[in-house]
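Notes to accompany the following structure.
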Protein chains: 2
Amino acid sequence: MNASNLIQQIADTVGVHRSTVLRILRGDLEYRRPSYVQRAERVRELAARYGYRPNTAARAVAEQRFRAVAFLNHRDRQFSHLPSPLIDGVQDALDAAGLGLLLTRCSDTDLADPGYAPKVLRECCVDGLLVNVNALPNPRLYDLLDRPDTPSLWLNIRAGRNCICPDDRAAARSLTEALIARGHQRIGYLGFGTVRHYSKAERPAGYRDAMEAAGLEPCAITGPPGSIAGGGRALLASAMTTLATGPGPAVWIGYSTFECIQVLHLAQAQGLRLGEDLLLASFVDKPGGGNRMLCAEAVAPSYDLGRTGVDALVRRIAGELEQPEIALPWTITTDIEPHPNWA
Amino acid sequence: MNASNLIQQIADTVGVHRSTVLRILRGDLEYRRPSYVQRAERVRELAARYGYRPNTAARAVAEQRFRAVAFLNHRDRQFSHLPSPLIDGVQDALDAAGLGLLLTRCSDTDLADPGYAPKVLRECCVDGLLVNVNALPNPRLYDLLDRPDTPSLWLNIRAGRNCICPDDRAAARSLTEALIARGHQRIGYLGFGTVRHYSKAERPAGYRDAMEAAGLEPCAITGPPGSIAGGGRALLASAMTTLATGPGPAVWIGYSTFECIQVLHLAQAQGLRLGEDLLLASFVDKPGGGNRMLCAEAVAPSYDLGRTGVDALVRRIAGELEQPEIALPWTITTDIEPHPNWA
DNA sequence: CTGAAAGCGCTTACAG
DNA sequence: CTGAAAGCGCTTACAG
């Protein structure tokens, strides 16, 4: 039994036209007269009994819009950071807006191709693109960002418009300030970030902001990915020795827990002990993400990123041409109890 | 400019009927006569220039099938284990089959409702359901498993049919055998698994298989989630003391790294040191997932789970009514270099 | 191989 | 408020 026959059957039973049945089930009319109300009730009841379900694709064809959105990630996972809170935020916002979610992947060449986005829109049956490609600054990518015929919203990049991004600079500043407020003065920053992402520059910048505002000497070690194995290691070792001199523990802020582990390696060689001589802080995706080796962490606003991104995309789909960049605040947590094995 | 006008325009330019343009672009005909080949080429060229894109929704309505699949996860994340290799496997297999992917969520009541699956099928415009709800053994759930009108394939449950599951028993056995082969004899198992999942029983069972086959005394501590705080802790402590007596390190296999950390806590209290007195092994989602505190790990076949699941679902959609359960092998890795901080 | 027609399941004006 | 019609953009027989 196909859907058309089902509708016809309901129409015949109740004694109305097919289009009336569809209209009632669509539910966009308010009935006043009791006889109409009863009839509508009858139709709904029959539809439920027969297990009728509207065909969203047919509706999309008729309405000429799809009521769905594509979530676009890079084929190479390292260019699309996808923590589960991000997916949750996207899904919650889409549910609230009554929109469906399609999962797609793309490559570098796809993004550079001006025909790619329209292709995704029609072939995936979606009205807009939520693009989660954050570490690939292909200049031609920005054509897509501005095209009014293919509404897109970008996550986790700084583009000035049509994007949502965690405010890494403010987060680094707040994290550093929180450490200073707890009495720490010898605070270092280490960033060997392997990704091409604005955070690589913003985190040390925010750190410097806070140190300079407090009249403290910044000590930031940053470098290309491979540098930990080369001179960077010696540089870090000597900075650690310098910072270790003084009352109480020194604090190292890592770009990620990867850097924190590098610090731990060297600490061991230098006879410095975590908790007593040394504390670690970093940026994490989820609370407790640092395996409890951290005394303080900045937790990324991934859930909000998803929600806010969908909301802005919905506005673009609705016709607002350009959306302003929104920078989202991180959550700073201090005084984390260290894991017994690290203490 | 809408799509119909575009097709009409191409048809007018080339001097053929609309339906011929659609037919050429669909590409299901082989042209022999050169004049036809040239004309077809002309049509494709114009379509590309105008940026024509087929409307998949319209095709779905005409074909009465959607060429897409829904990936169904539980609203409560703890009931749907979703590591990224699983998503990758699903997407690779769907790409190969030319199918789209929709992401959906469900609750307990949804699964118990016999009308839910048909609803998802039609309203999400998909031909089948890939269900990733693995820790909720609602008996009514199995109605959905068998319904021939709503093709579904379940991931990570043991249902005997229409499901794909990692073979936890075999993995536990292989992991234990590998440890025995490396000369270990004093091997314990600890499982405080907090989830209702077949692995909770299969992992200790596989461990016992291997121990008994080697003529060794099994020492398995399993219990309800909370038991670590109660008597379970004392039980584990005494078992660890017993196992510690002998040449070389004892090995503890944890249900997950959570259990391994419990062992480490107690080890510290007992003055046992990781690497010398004690080694750890466990089950992980990704290679190196145990933060390098493990000397051996069983890596879950998540990618294969996604691929195999999609393949089986595609067969169900194509008409094969019931698919046999497939149990997938894990990857066993031994002789992992311990992390310097643990060593 | 092409054209003309009917159909997929819906929505949206438009008379009544 | 309803019915009849036209339309959304495709596919699939069916004559020619």
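For the numbers below, each heavy atom of this structure counts, side chains included, while hydrogens, waters and symmetry mates do not. Reminder, nothing fancy here: chain letters follow the sequence lines and each chain counts from 1. Note that the structure is a prediction, hence the values are computed from the model and not measured.
- Looking at heavy atoms from C-beta onward, B/Tyr52 lies out of side-chain contact with B/Val43 at the 4.5 angstrom threshold.
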**Fill in**
Read 5' to 3' with Watson-Crick or G-U pairs under 3.5 Å, [ ] for crossing pairs and | for partners on another strand, DNA chain C gives |||.||||||||.|||
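- No salt bridge links B/Lys119 with B/Asp110; every basic N to acidic carboxylate O contact stays at or beyond 4.0 Å.
- As rounded to whole Å, 13 Å separates atom C1' of D/dC8 from atom CG of A/Asn55.
- Two residues are said to be in side-chain contact when any heavy atoms from C-beta on lie closer than 4.5 Å; A/Tyr198 and A/Pro166 meet this criterion.
- Ion pairing of B/Arg105 with A/Asp95 is present here, as a side-chain N (NZ or NE/NH1/NH2) and a carboxylate O approach within less than 4.0 Å.
- Counting to the nearest Å, the C1' atom of D/dG7 and the CZ atom of B/Arg18 are 12 Å from each other.
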Please enumerate all protein N or O atoms sitting under 3.5 Å from an N or O of nucleotides 11-15 of chain D, with distances to 0.1 Å.
from, atom 1, to, atom 2, distance (Å)
D/dT11, OP1, B/Arg26, NE, 3.4
D/dT11, OP2, B/Arg26, NE, 2.6
D/dT11, OP2, B/Arg26, NH2, 3.3

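- Applying the salt bridge (charged side-chain N to carboxylate O under 4.0 Å, His left out) definition to pairs two or more places apart or across chains, none involves residues 308-323 of chain A.
- The shortest side-chain heavy-atom distance between A/Pro118 and A/Arg147 falls under the 4.5 Å cut-off.
- At D/dG3, one or more side-chain N or O atoms of A/Thr20 fall inside 4.0 Å of OP1 or OP2 (strictly under the cut-off).
- The interatomic distance linking B/Arg67 (CZ) with D/dC10 (P) rounds to 14 Å, in whole Å.
- B/His81 has its side chain out of reach of B/Asn132: every pair of non-hydrogen atoms, C-beta onward, lies at least 4.5 Å apart.
- Comparing D/dC10, C/dC10, C/dG3 by their nearest atom to the side chain of B/Ile7 picks out D/dC10.
- Contacts of B/Arg65 with the nucleic acid, taken as non-hydrogen atoms under 4.0 Å apart, are absent.
- Straight-line distance from the CZ atom of B/Phe66 to the C1' atom of D/dG9: 15 Å, rounded to whole Å.
- Within the nucleic acid shown, B/Gln8 has no heavy atom closer than 4.0 Å to any nucleic acid atom.
- Within residues 32-43 of chain A, the residues approached by DNA chain D to less than 4.0 Å at the level of any non-hydrogen atom are A/Arg32, A/Tyr36, A/Arg39, in residue-number order.
- A/Gln64 meets the side chain to side chain donor-acceptor pair (under 3.5 Å) test with no other residue; sequence neighbours excluded.
- Considering CD1 of B/Ile87 and CG of A/Leu103, their distance stands at 6.5 Å, rounded to 0.5 Å.
- A/Gln64 places its CD atom 11 Å from the P atom of D/dC10, with the value rounded to the nearest Å.
- Between the CZ atom of A/Arg53 and the P atom of C/dC8 there is a distance of 21 Å, rounded to whole Å.
- Judged as a side chain to side chain contact (heavy atoms under 4.5 Å, CB included), and not counting sequence neighbours, the contacts of B/Arg39 are B/Val14, B/Val16, B/Tyr36.
- Here the side chain of B/His17 is nearest to one of D/dG3, D/dC1, C/dG3, namely C/dG3.
- Taking atom CG of A/Leu6 as the reference point, atom C1' of C/dG9 lies 12 Å away to the nearest angstrom.
- With A/Thr150 as the partner, the side-chain contact (heavy atoms from CB on, under 4.5 Å) test is satisfied by one option alone out of A/Leu144, A/Leu129, A/Leu145: A/Leu144.
- Residues A/Arg77 and B/Ser84 have side chains in contact (heavy-atom distance under 4.5 Å, counting atoms from C-beta outward).
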